Amino acid sequence: MNIEKYREIKRTLPASVRLIAVSKFKPASDIQLLYDEGQRLFGENKAQEMKAKHEVLPQDIEWHFIGTLQTNKIKYIAPYVAMIHSIDRAELLWEVNRHAEKNGRVIPCLLQFHIAQEESKHGFYLEECEEMLRNPEFPTLQNVRICGVMGMGTFTEDMEQVRQEFHHLHDIFIHLKDNYFQNNPDFKELSMGMTDDYPIAVEEGSTFVRIGSAIFGARDYSKPVNDL
Ligand SMILES: *Cc1c(COP(=O)(O)O)cnc(C)c1O
């Protein structure tokens with residue numbers, strides 16, 4: 001846990017950019033420490049882990065879901081999740097809408113795009129996404145609110161490449177805004193930037209950065225979270 005680094009990030013981010021502290025694999029006690037520093041937005045990538053943390057931590061935390069979401073796990077987050085950043089297929093959006101309705105909520109969502117070189121990163125391609133947005137059933141989804149787009153850059157030292165990928169995501173954002181969401185003031189978020197590339201993401205117009213290891217330290221994937 002690096003509180004100094006956290007303070008430095010908070011101090012240097014422009015006011016237009018919100019920080020999501022990515023706490024996946026980290027114990028609830030670490031989240032509580034950062035909460036005591038004033039942090040309220042936390043990001044998790046596993047539904048059951050988010051649920052367990054939500055149950056033991058302060059209720060005014062905004063939980064942002066940032067990982068691949070299986071439809072059978074939506075139930076663990078639907079009652080309280082603040083935003084789902086990782087809508088990467090039509091089926092998922094329809095299912096989130098169904099669960100949100102059951103819970104009497106409207107769930108804010110971002111459309112995740114595939115912008116990296118790696119095959120392993122999830123997300124829509126533009127054409128696929130536009131097909132979904134043109135589906136005559138799309139306007140009937142009353143319990144999801146589409147607030148913008150999300151993407152992950154390639155894991156590489158080549159920061160010029162990462163910059164181009166973020167620039168591309170910004171172009172996608174503008175294209176969707178102009179063609180599908182002109183009159184929708186909710187469509188305004190660009191979730192991009194992690195520990196290694198967030199300064200570039202901010203230069204390219206990010207409104208949410210998702211930072212984990214710079215704040216909490218390296219993750220140990222071999223051990224389960226130890227205090228839940
Ligand atoms: C883990 C993760 C992050 C944070 O990564 P760091 O490099 O630790 O900052 C951000 N976004 C997503 C989608 C992640 O899965």
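In this text the structure is predicted, and so the values were computed from the model without any measurement. Worth knowing before you read on, the calculation uses all heavy atoms, side chains too, and leaves out hydrogens, waters and symmetry mates. As the structure lists them, so they are numbered: ligands from 1, and atoms in each ligand from 1.
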Proximal atoms of ligand 1 relative to R210 (non-hydrogen, under 4.0 Å): 4 (C), 9 (O), 10 (C), 11 (N), 12 (C), 13 (C)
Distance-minimising heavy-atom pair for F216 and A21: CE1-CB, 3.9 Å
E44 and V81, any side-chain heavy atoms less than 4.5 Å apart: no
Short side-chain donor-acceptor distance under 3.5 Å, Q164 and E160: no
Polar contact flag for D196 and ligand 1 (N/O pairs, less than 3.5 Å): no
Option of least heavy-atom distance to atom 12 (C) of ligand 1 (set: V209, D197, I20, I66): I66
T195 neighbourhood, listing ligand 1 atoms whose heavy-atom distance to it stays under 4.0 Å: 6 (P), 7 (O), 8 (O), 9 (O)
Heavy-atom side-chain proximity of D186 to F181 below 4.5 angstrom: no
Heavy-atom nearest neighbour in the protein, as seen from atom 5 (O) of ligand 1, with distance rounded to 0.1 Å: M194 CE, 3.4 Å
Atoms in ligand 1 with a heavy atom of M152 nearer than 4.0 Å: 13 (C)
Give the table of side-chain donor-acceptor pairs shorter than 3.5 Å for residues 140-152, with sequence neighbours excluded, one pair per line with atom names and distance.
| residue | atom | partner | partner atom | Å |
| --- | --- | --- | --- | --- |
| T140 | OG1 | E137 | O | 2.5 |
| Q142 | NE2 | P139 | O | 3.3 |
| N143 | ND2 | R105 | O | 2.9 |

Region of H85 engaging ligand 1 - heavy atom pairs below 4.0 Å: neither
Pairs satisfying side chain to side chain donor-acceptor pair (under 3.5 Å), at least one member in residues 11-20, at least two apart: R18-E189
Donor-acceptor under 3.5 Å (K177 side chain, N184 main chain): yes
Enumerated ligand 1 atoms positioned under 4.0 Å from heavy atoms of G212: 4 (C), 6 (P), 8 (O), 9 (O)
Nearest-neighbour protein heavy atom for atom 2 (C) of ligand 1, which is reported as residue plus atom name and distance: K24 NZ, 2.5 Å
For I211, the ligand 1 atoms whose distance to one of its heavy atoms is below 4.0 Å: 9 (O)
